[in-house]
Amino acid sequence: MHTVEMAELVELFQRLGITANYEGYWYLLRAIQAIPMDGSAMFRITKDLYPAIAKEYQTTQLNVEHNIRTAIDRCWEKGNRELLCEICYFTKRPTNLEFITMIASYLYRKSQNPR
């Protein structure tokens, strides 16, 4: 199973303007790394992903979802929107699921086609 490398993800977050001063930063790192990008397994964000992250960080599923949404909001409002739109192909703020899957997919494609 291919997963996203932490160093690549942290570097991308820096370029996007997603900073570690938001709890959602840490939850996003974990969420994106947890997604199997080779299609070996399906995941459900509210039934599988949020509960697993909440358990790991000893918080609630609702807190995980809210803090991820806040980090994405800040990225959309104050971060590198041009890069985010290039990665996600969105002209409006992506949902949590859209953001997580598009970032993971982008890094997976990048690892498969290094320049």
Side-chain angles (χ1 to χ4, degrees):
M1 171 172 62
H2 182 281
T3 57
V4 174
E5 295 295 325
M6 179 67 87
E8 292 176 279
L9 188 51
V10 167
E11 189 265 330
L12 180 59
F13 276 15
Q14 288 173 346
R15 290 177 50 216
L16 286 169
I18 302 172
T19 60
N21 60 318
Y22 292 103
E23 280 183 63
Y25 171 93
W26 303 104
Y27 302 156
L28 275 169
L29 285 176
R30 184 67 189 97
I32 292 168
Q33 282 197 303
I35 296 175
M37 293 311 304
D38 61 0
S40 64
M42 294 296 294
F43 76 96
R44 298 172 302 176
I45 194 165
T46 57
K47 299 276 186 188
D48 299 328
L49 197 56
Y50 291 160
I53 294 169
K55 184 177 181 180
E56 183 177 333
Y57 285 90
Q58 299 179 334
T59 189
T60 67
Q61 180 176 330
L62 186 59
N63 189 45
V64 170
E65 185 274 332
H66 171 77
N67 284 298
I68 287 175
R69 187 175 62 245
T70 298
I72 295 168
D73 284 343
R74 295 305 173 261
C75 174
W76 183 255
E77 294 167 8
K78 298 180 182 183
N80 186 343
R81 189 180 302 184
E82 183 178 319
L83 177 58
L84 182 59
C85 289
E86 178 185 317
I87 292 168
C88 296
Y89 313 109
F90 287 101
T91 56
K92 63 180 178 80
R93 182 215 173 271
T95 66
N96 289 9
L97 178 60
E98 290 167 340
F99 184 88
I100 290 166
T101 57
M102 291 302 290
I103 294 294
S105 179
Y106 169 79
L107 290 172
Y108 178 71
R109 286 190 317 269
K110 189 175 169 188
S111 74
Q112 298 302 300
N113 300 310
R115 294 180 193 181

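Keep in mind that the numbers below use all heavy atoms, side chains included, and drop hydrogens, waters and symmetry copies. Computed from a prediction, not measured in an experiment: that's the story for all the values here.
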Is a donor on one side and an acceptor on the other found under 3.5 Å between the side chain of N67 and the backbone of N63? yes

Treating R30 as the side-chain partner and I53 as the backbone partner, does any N or O pair qualify as donor plus acceptor under 3.5 Å? no

To the nearest 0.5 Å, how far apart are [atom1] in [X] and [atom2] in [Y]?
X	Y	atom1	atom2	answer
T59	K55	OG1	NZ	14.5 Å
I100	I32	CD1	CD1	6.5 Å
C88	Y106	SG	OH	10.5 Å
F99	I87	CZ	CD1	7.5 Å
L83	C75	CG	SG	8.0 Å
L107	Q33	CG	CD	10.0 Å

Closest non-hydrogen atom pair, [X] against [Y]:
X	Y	result
A31	L49	CB-CD2, 3.8 Å
E98	P94	OE1-CA, 3.3 Å
T60	A54	C-CB, 3.5 Å
R81	E77	NH2-CA, 4.2 Å

Walk me through it: do I103 and L16 pass the test side-chain contact (heavy atoms from CB on, under 4.5 Å)? CA-CA 11 Å; I103 294 294; L16 286 169; 3.9 Å; yes

Not counting sequence neighbours, which residues clear side chain to side chain donor-acceptor pair (under 3.5 Å) with Q61? List them please. none

Any non-hydrogen side-chain atom of R69 less than 4.5 Å from a side-chain atom of R93? yes

Any T95 side-chain heavy atom under 4.5 Å of I72 side chain: no

Could you note down all residue pairs passing ring pair (Phe, Tyr, Trp, His ring centres under 6.0 Å) where residues 14-34 supplies at least one of them, sequence neighbours left out? F13-Y25, Y27-Y57

Does CD in E82 sit with more than 12 non-hydrogen atoms of other residues, nucleotides or ligands closer than 6.0 Å? no

Any chance the side chains of R74 and T70 put a donor and an acceptor closer than 3.5 Å? no

Checking L28 against N96 for the side-chain contact (heavy atoms from CB on, under 4.5 Å) test, could you report, in this order, the C-alpha distance in whole Å, the side-chain angles of both residues, the deciding distance, and whether it holds? CA-CA 9 Å; L28 275 169; N96 289 9; over 6 Å; no

